[in-house]
Amino acid sequence: PEYGQLGCSGFIVMDATHNVVSTCTSAFLQVRSLAFAHVETLLDAILAKRPPPQSCPGEFVRVLACEKDINGATALCLKIETD
């Protein structure tokens with residue numbers, strides 16, 4: 001890609017044919033070790049020839065279809081279940 005970033009602010013992840021899988025993984029400076037889990041989750045999907053999950057550990061997500069008092073709240077994904 002014509003853009004880039006390296007290191008503690010996240011990574012650009014591409015597959016074997018140089019298609020961009022993620023334009024920006026989680027930043028180590030924000031989520032510490034969960035940033036590594038984010039990259040590992042993407043690499044696991046690439047190696048298994050599966051599409052990347054909708055959410056990865058270390059990503060901030062919005063809570064939907066839950067109890068009304070937390071619906072719309074921002075949450076941090078800690079872990080995903082894989083097959």
Side-chain angles (χ1 to χ4, degrees):
E2 294 183 18
Y3 55 89
Q5 66 185 78
L6 297 171
C8 295
S9 296
F11 293 100
I12 297 168
V13 178
M14 294 184 280
D15 64 15
T17 58
H18 301 137
N19 293 311
V20 175
V21 176
S22 175
T23 58
C24 181
T25 61
S26 301
F28 178 78
L29 295 174
Q30 289 182 319
V31 296
R32 311 303 283 177
S33 64
L34 285 173
F36 294 112
H38 186 169
V39 174
E40 290 169 357
T41 300
L42 293 174
L43 294 177
D44 287 345
I46 291 168
L47 293 173
K49 298 188 183 329
R50 294 187 322 254
Q54 288 186 327
S55 300
C56 290
E59 286 187 298
F60 290 94
V61 297
R62 183 153 322 273
V63 177
L64 300 174
C66 200
E67 297 178 29
K68 63 181 177 181
D69 58 329
I70 63 170
N71 208 24
T74 301
L76 178 62
C77 178
L78 300 177
K79 183 178 178 180
I80 62 168
E81 297 296 322
T82 58
D83 295 341

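In this structure, CZ in Phe60 is found 11.0 Å from SG in Cys77, a value given to the nearest 0.5 Å. One finds the CG atom of Leu34 at 10.5 Å from the CD atom of Glu40 (value rounded to the nearest 0.5 Å). To the nearest 0.5 angstrom, Cys8 atom SG is 8.0 Å from Arg32 atom CZ. Note: Ser26 OG to Leu76 CG = 7.5 Å, rounded to the nearest 0.5 Å. Note: Arg62 CZ to Ser55 OG = 12.5 Å, rounded to the nearest 0.5 Å.
Scanning all heavy atoms of the two residues, the minimum distance from Asn19 to Thr17 falls at ND2-OG1, 2.8 Å. Taking both residues in full, the closest heavy atoms of Ala45 and Pro52 are given as CB-CA, 4.0 Å, listed atom of the first, atom of the second, then distance. The two residues Glu59 and Gln54 come nearest to each other via the heavy atoms OE1-O, 4.1 Å. Taking both residues in full, the closest heavy atoms of Met14 and His18 are given as SD-O, 3.8 Å, listed atom of the first, atom of the second, then distance. For the residue pair Phe28 and Ser33, the shortest heavy atom distance occurs at CE1-N, 4.2 Å. The two residues Ser9 and Cys24 come nearest to each other via the heavy atoms O-SG, 4.0 Å.
In this view, Val39 and Phe11, Thr25, Leu43 satisfy the side chain to side chain contact (heavy atoms under 4.5 Å, CB included) rule, not counting sequence neighbours.
With contacts defined as side-chain heavy-atom distances shorter than 4.5 Å, the pair Pro53/Thr41 qualifies.
The hydrophobic clustering, which links ILVMFWY residues whose side-chain heavy atoms are closer than 4.5 Å, places Leu78 and Val31 together.
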